[in-house]
Amino acid sequence: MSDSRFSHIPINQNPIAKAAQLYEEGNQYLATNQPNQAVKNYQAAIELNPEFSWAYHKLGEAFAQQQNWQAAIQVYHQAIKLNPDFFWSYHNLGNALAETKNYSEAIFVYGQAIQRDQTCCWSYYNLAACLGQQKHYSAAILNYIQAYILQPDLPEIVMLLGEVSQKQIQQISLERPVKSLIDITEKVLQFPIPDSQLQFLSDHCQTCIHLAQELVKAKYWGGALILYGLAQNLEPDHETIPQQFEQALSNHQELEQKIAETYGALDSGSFQLQYRLGCLLTQQHNWQGAISAYFQAIRLQPENPFWLYQGLIEKLNQSDRLKELIQIYRHAIQQKPDSIWCYINLGELLIQRGELDEALSYYQAANYHKIQQFHPEWMNTLDDLEPVQCPDFIILGTQKGGTTSLYYYLAQHPQIMPSLIKEIEFWGSKFNRGLPWYLSHFPPTPQGQKILTGEATPSYFDTSVVPNRLLNCFPKIKLIVLLRNPVERAISHYYQWVDLNWELQPLDLAVDTAIEQLQNLNSPIGSQVLSQVWNQPDNYVARGMYVEFLKKWFSIFPGEQILILKSEDFYQNPAVTLQQVYKFLELPPVQLTHYKKHNSRTYPTTAASVRHKLQDYFSPFNQDLEDFTGQKFDWKT
């Protein structure tokens with residue numbers, strides 16, 4: 001950065017030295033997140049020394065920090081002109097071009113960056129994303145694989161690889177239905193693989209197989225076919241690829257057939273068919289089609305809760321169709337002004353847009369209708385009702401253990417006002433919404449009367465962050481847990497997901513997959529603590545390992561605040577169990593006239609081999625549960 005021509009000049013008069021000083025000060029501003037001042041310093045340095053390539057590069061970083069992408073692009077070009085061998089200027093220029101959706105230019109520039117440094121995983125990762133945007137799916141696949149090889153823990157790498165390879169398999173299937181590994185290998189070889197990339201991949205056949213297996217777990221069946229085909233190209237004599245491919249192909253074809261059948265039977269006025277189509281397209285990761293099908297289902301039956309539409313909210317947040325769904329619900333409220341769920345669902349959508357005050361107004365309207373439903377005698381004294389400051393109880397779980405029935409039985413007690421919805425999910429996935437949002441889900445109650453309120457969210461039981469969060473806010477709250485034979489619970493969980501069109505695997509394979517996932521956690525079994533089983537909502541087996549969850553709950557809350565009930569006793573004699581709950585909540589006993597079972601279902605006879613496999617797996621945990629609680633459960637398959 002020094003220049004001998006100016007060495008005899010004092011620094012305040014030496015333009016090169018002054019430029020270097022401004023540059024260093026700019027670096028300090030940039031490091032402390034002051035991009036505006038950094039821009040001024042770098043520009044001043046460039047004015048003093050127009051050949052200062054580093055100042056152009058860092059000015060580009062400052063513009064990027066400001067998200068001034070056009071300016072960043074301009075100065076990165078100048079930095080490259082002055083220093084054409086510097087990798088990071090090309091990489092950063094590619095990032096800026098991608099931000100402005102100049103994908104073709106970004107692809108070229110990332111290629112230039114990779115020519116100068118083949119060890120940066122992010123260049124391959126970002127290049128793959130741009131290639132996917134341009135529908136160059138096969139090239140995107142190769143670059144995602146190379147990025148994964150360089151750094152396996154890149155964010156969402158399996159999902160991104162799955163989505164782009166799904167699009168590639170759809171492209172292949174349009175030309176000719178995929179029927180064998182030969183079909184795939186022929187197609188995979190049709191796209192050009194640069195010699196350097198082919199040489200690099202040739203040593204990573206096992207990585208391609210591993211990625212294919214990860215795609216299978218994530219139900220990207222088409223993507224798995226592509227990866228198996230690529231692995232076959234790399235090692236034509238590999239013994240296990242054909243068998244694994246056949247299983248993925250079977251799943252892929254079964255899904256395609258179900259989608260085709262649903263389209264064939266589609267009726268614009270049938271909620272069930274529109275909903276089924278949305279679920280199947282979700283399984284295919286075709287979210288554009290799934291959203292359209294779900295929207296039509298919602299138009300037909302807007303009263304259903306959002307959890308029914310698996311993943312819809314998340315995908316709407318990534319698209320521009322959230323406003324469209326808000327309008328659907330506004331129209332639904334006009335048509336059905338007494339529908340509690342329409343108000344709740346509209347409130348949920350407004351929360352997604354950060355419009356808390358308007359959302360709370362819709363929850364308030366829903367609470368009004370909830371009071372009218374459960375305590376119409378309060379309607380004459382609405383002004384005397386007080387907001388709830390703390391729920392009195394929570395039914396923690398377990399899922400498929402009878403929590404819905406218990407919640408609705410309790411709601412019939414004259415001294416209980418149930419929450420707006422059964423499962424609020426606040427203490428787990430929605431904690432960032434804040435207590436005002438949570439408490440808005442409890443209708444106000446009369447002053448001076450002993451009226452209890454509570455909710456029932458089974459996912460709280462096995463979500464690791466919930467116990468401490470709950471203790472910090474409501475340390476005196478009472479907790480109720482229903483525990484069902486974990487074998488029956490797992491089977492019921494599976495068939496619920498089948499009914500919802502969320503599960504396509506046969507039961508035996510689904511159970512094997514769940515157990516394999518737990519074994520892959522490399523955790524001990526039996527009496528050892530399995531911290532990894534927490535937060536596994538999709539795993540049919542993990543959620544039945546009750547003792548691991550209870551140990552934490554009892555380490556945080558006093559035992560007298562936790563009531564453990566056996567689901568089988570509750571099913572057999574709900575009146576007796578309900579009296580236990582009333583006593584626990586210090587409420588006078590009430591005898592209901594009818595005990596309707598909620599969310600019960602029938603399902604096919606389960607193979608003895610599956611039952612025995614589950615029984616053997618759960619046996620040590622069930623014994624630990626009895627030892628820990630001092631209660632006998634006697635669960636037999």
Side-chain angles (χ1 to χ4, degrees), residues 1-130 133 147 150-151 153-156 318 354:
M1 295 179 200
S2 63
D3 190 322
S4 59
R5 294 175 298 164
F6 301 100
S7 59
H8 63 286
I9 302 174
I11 189 168
N12 62 342
Q13 300 176 24
N14 183 333
I16 301 300
K18 182 62 176 176
Q21 182 182 12
L22 289 165
Y23 170 83
E24 292 299 337
E25 291 173 358
N27 289 347
Q28 292 175 16
Y29 286 124
L30 196 61
T32 55
N33 198 29
Q34 300 179 68
N36 295 342
Q37 189 59 49
V39 165
K40 293 177 182 177
N41 275 60
Y42 293 136
Q43 287 175 332
I46 290 168
E47 189 173 338
L48 291 168
N49 182 4
E51 304 299 311
F52 198 170
S53 66
W54 276 96
Y56 283 102
H57 177 80
K58 298 299 287 187
L59 178 57
E61 289 187 11
F63 281 136
Q65 203 171 96
Q66 292 177 324
Q67 297 189 346
N68 186 347
W69 302 113
Q70 291 296 345
I73 290 168
Q74 186 176 358
V75 295
Y76 279 132
H77 275 300
Q78 187 62 29
I80 288 169
K81 182 178 179 181
L82 292 169
N83 186 1
D85 294 324
F86 186 49
F87 158 80
W88 282 109
S89 290
Y90 291 95
H91 178 84
N92 291 359
L93 174 58
N95 294 347
L97 289 165
E99 289 287 348
T100 58
K101 300 186 179 180
N102 291 316
Y103 298 119
S104 296
E105 291 181 58
I107 288 167
F108 173 78
V109 173
Y110 282 129
Q112 294 293 306
I114 289 169
Q115 284 184 18
R116 288 157 177 80
D117 185 346
Q118 298 180 8
T119 64
C120 179
C121 62
W122 288 106
S123 291
Y124 294 102
Y125 184 92
N126 295 348
L127 172 57
C130 292
Q133 290 290 341
L150 290 168
Q151 188 172 327
D153 60 349
L154 284 168
E156 299 183 329
Q318 299 169 9

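All heavy atoms count here, side chains included; hydrogens, waters and symmetry mates do not. These numbers come from a predicted model, not from an experiment.
A heavy-atom distance below 4.5 Å is found between the side chains of I107 and L127.
Looking only at atom types and distance, the side chain of E99 has no donor-acceptor partner in the side chain of N95 under 3.5 Å away. N49 and E51 are not linked by any side-chain donor-acceptor pair at a separation below 3.5 angstrom, with hydrogens and angles left out of the test.
For the atom pair CG (D117) and CG (D85), the distance works out to 12.5 Å, reported to the nearest 0.5 Å. With values rounded to the nearest 0.5 angstrom, Q78 atom CD is found 14.0 Å from H57 atom NE2.
Although no hydrogens or angles enter the test, the distance criterion places a donor-acceptor pair under 3.5 Å between the side chain of R116 and the main chain of P84. At least one donor-acceptor pair under 3.5 Å links the side chain of Y42 to the backbone N or O of N27. A donor-acceptor distance shorter than 3.5 angstrom exists from the side chain of Y125 to the backbone of P155, with no hydrogens or angles considered.
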Set out, in order, the CA-CA distance, both residues' side-chain angles and the distance that settles side-chain contact (heavy atoms from CB on, under 4.5 Å) for S89 and N83, then state yes or no.
CA-CA 9 Å; S89 290; N83 186 1; over 6 Å; no
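Legend: residues meeting ring pair (Phe, Tyr, Trp, His ring centres under 6.0 Å) with F87, ordered by chain and number and at least two apart, are H91. Remark: Q66 engages P35, N36, V39, F63, N68 in a side chain to side chain contact (heavy atoms under 4.5 Å, CB included) (not counting sequence neighbours). Qualifying ring pair (Phe, Tyr, Trp, His ring centres under 6.0 Å) partners for Y124, counting only residues two or more places apart in sequence or in other chains: none.
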